[in-house]
Number of protein chains: 2
Amino acid sequence: MPTPPKPSTRERILDIALELFSEQGYDKTSLRDIAERLGTTKAALYYHFARKEDILLELHLRVHELGRAGLAELAALPDAAARAQAFPRLLDAFIAQFAEHRDLVLLHTRNPNAIRVLGEDERHLAENENVLGALHSLLADPELPVAQRVRLACAIGAVGGGLLDSGGVFADVPDDELTAQVRAAVADVLAPARSRD
Amino acid sequence: MPTPPKPSTRERILDIALELFSEQGYDKTSLRDIAERLGTTKAALYYHFARKEDILLELHLRVHELGRAGLAELAALPDAAARAQAFPRLLDAFIAQFAEHRDLVLLHTRNPNAIRVLGEDERHLAENENVLGALHSLLADPELPVAQRVRLACAIGAVGGGLLDSGGVFADVPDDELTAQVRAAVADVLAPARSRD
DNA sequence: GTCTATATTTCGATAGAC
DNA sequence: GTCTATCGAAATATAGAC
């Protein structure tokens, strides 16, 4: 059973919240807004989520889940050279997931502060140490040449610049072509001035 | 007289707001927070700014000012080919200003929603049409090959990825080297698979 | 230009009936 | 699982003295 039995209320709340949080921002979206669009009342939401933060947290964890496997694999590699070699392949997987879950990523880039203050929740702290910590120690790795560290950061930024498309400027470009072009651009960032074979 | 006579209250308010808006986010920063750090009271702020939004607006316009000259120059060029040729040079200037005013750019990336809702102010609407409109019509330009449009968007994203450094992973890298590396990476994005001369 | 005091609104959250 | 009703806190903004 792939996506079967429960388009339940809880899931509908998350869908609506994802949309509104991205559109208007987390802080400017009241529980009343969510309840209205869902067709119920504020109080009803509190049956499914104890606090407003928990709605955002749930969505936040789903984004982290996207990068977890790749970063874990990376962290398991023995040395910087091995990690550097694995970059292109893992970035490729990253781009695929980024493209598939654009809406979740957009939620993140549009509400960085709200997410940073998500606070003391245990699940959140644990996840943050795992995922963000792995990314941080990757980019800060002193064993890696600075040029490679910077280019890796640029590559990640380039994925965002190419795929997020906040203004809708690439509405005329098919998704396949867009991701292919982004892949090519990222490849060029990671292969600095490679000498001809 | 370059930057002389008035480190006035108004300017101090903007400085404090810039810091707090970036740190905690626009919505989570109350006028009380600003007033406290400034050493006065909430009401005093209303002498200098009619609404809280106006503080953010003022800072917002300063960011737009950074990109205005370059985008205007670009829009004045006759055809897509001329624009494409001008990209690298203008992106170079863009990187320089980005690096010099990192704090202002950070304000933007951390409060995208608050800024988008800035609303009906005349100055804001006019500026948005000028600056964002120019950027939009640049990236959406149907005369330009899709590959080039996407790579341009990726290049802009790469600048953000390399220079913003939200997590402080490049604290050990001198600013000069960082921007130089970013410049190199961006150049590789814009020079797709260029055949050897 | 800055203060005290307060008006007004809105929001997150709770209590308890159904 | 959803409702009505309401509490309490915090925020923006205003009025008017100094």
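Computation of the quantities below employed the complete heavy-atom set of this structure, encompassing side-chain atoms and omitting hydrogens, waters and symmetry-equivalent molecules. Order of the sequence lines fixes the chain letters, A, B, ..., with proteins taken first and strands second; residue numbering starts at 1 for each chain.
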Original post:
How long is the line joining CG of A:Asp27 and P of D:dA11, in whole Å?
Top reply: 12 Å

**OP:** Starting from C1' on C:dC3, measure out to CZ on B:Arg32 and report it in whole angstrom.
**Re:** 16 Å

**OP:** Provide, to the nearest angstrom, the distance between the CG atom belonging to B:Leu31 and the P atom belonging to C:dT10.
**Re:** 17 Å

**OP:** Choose from D:dC3, D:dA11, C:dC3 the nucleotide whose nearest atom is closest to any side-chain atom of A:Ala44.
**Re:** D:dC3

Could you list, one pair per line, each protein nitrogen or oxygen that sits under 3.5 Å from a nitrogen or oxygen of nucleotides 15-18 of chain D, together with the distance?
none

Subject >> Among C:dA13, D:dC3, D:dT12, the nucleotide that comes nearest once only the side chain of B:Lys42 is considered >> reply: D:dT12

Original post:
Which whole-number value in Å describes the distance from B:Ile34 CD1 to C:dT2 P?
Top reply: 15 Å

Subject >> Interatomic distance where CG belongs to A:Leu38 and P belongs to D:dG1 [whole Å] >> reply: 13 Å

Subject >> Between C:dT8 (C1') and B:Arg51 (CZ): distance, integer Å >> reply: 18 Å

Subject >> More than 12 heavy atoms of other groups within 6.0 Å of A:Glu129 CD >> reply: no

Original post:
So, are B:Arg10 and B:Glu58 salt-bridged, with charged N and O less than 4.0 Å apart?
Top reply: yes

**OP:** State whether A:Glu36 and A:Arg32 are salt-bridged, where the test is any N-O pair (Lys NZ or Arg NE/NH1/NH2 against Asp/Glu carboxylate O) under 4.0 Å.
**Re:** yes

**OP:** Tell me which of B:Tyr26 and A:Thr9 sits closer to the 5' end of DNA chain D, going by the nucleotide each one is nearest to.
**Re:** A:Thr9

Subject >> Spacing of A:Leu45 atom CG relative to D:dT4 atom C1', expressed in whole Å >> reply: 15 Å

Original post:
Is the closest basic N to carboxylate O distance between B:Asp27 and A:Lys28 below 4.0 Å?
Top reply: yes

Original post:
Is atom CZ of A:Arg183 surrounded by more than 12 heavy atoms (other residues, nucleotides or ligands) closer than 6.0 Å?
Top reply: yes

Original post:
Rounded to whole angstrom units, what separation is found between the CD atom of A:Glu36 and the P atom of D:dC3?
Top reply: 12 Å

**OP:** When you get a sec, tell me which of C:dT2, D:dT12, D:dT2 is the closest nucleotide to the side chain of A:His48?
**Re:** D:dT2

Subject >> Nucleotide nearest B:Tyr46 when distance is taken to its side chain, options D:dG1, C:dT2, D:dA13 >> reply: D:dA13

Subject >> Candidates A:Arg83, A:Arg68, A:Arg89 - the one meeting salt bridge (charged side-chain N to carboxylate O under 4.0 Å, His left out) with A:Glu73 >> reply: A:Arg89

**OP:** Can you figure out which of D:dT12, D:dT4, C:dC3 approaches the side chain of A:Thr41 most closely?
**Re:** D:dT4

**OP:** Compare the minimum distances between each of D:dT2, C:dG12, C:dT2 and the side chain of A:Tyr47, then state the nucleotide with the smallest one.
**Re:** D:dT2

Original post:
In terms of ring plane angle, is the pair A:His124 and A:His60 parallel, tilted or perpendicular, where the classes change at 30° and 60°?
Top reply: perpendicular

**OP:** Starting from the 5' end of DNA chain C, give me the residue, A:Ala50 or A:Asp33, whose nearest nucleotide shows up first.
**Re:** A:Asp33

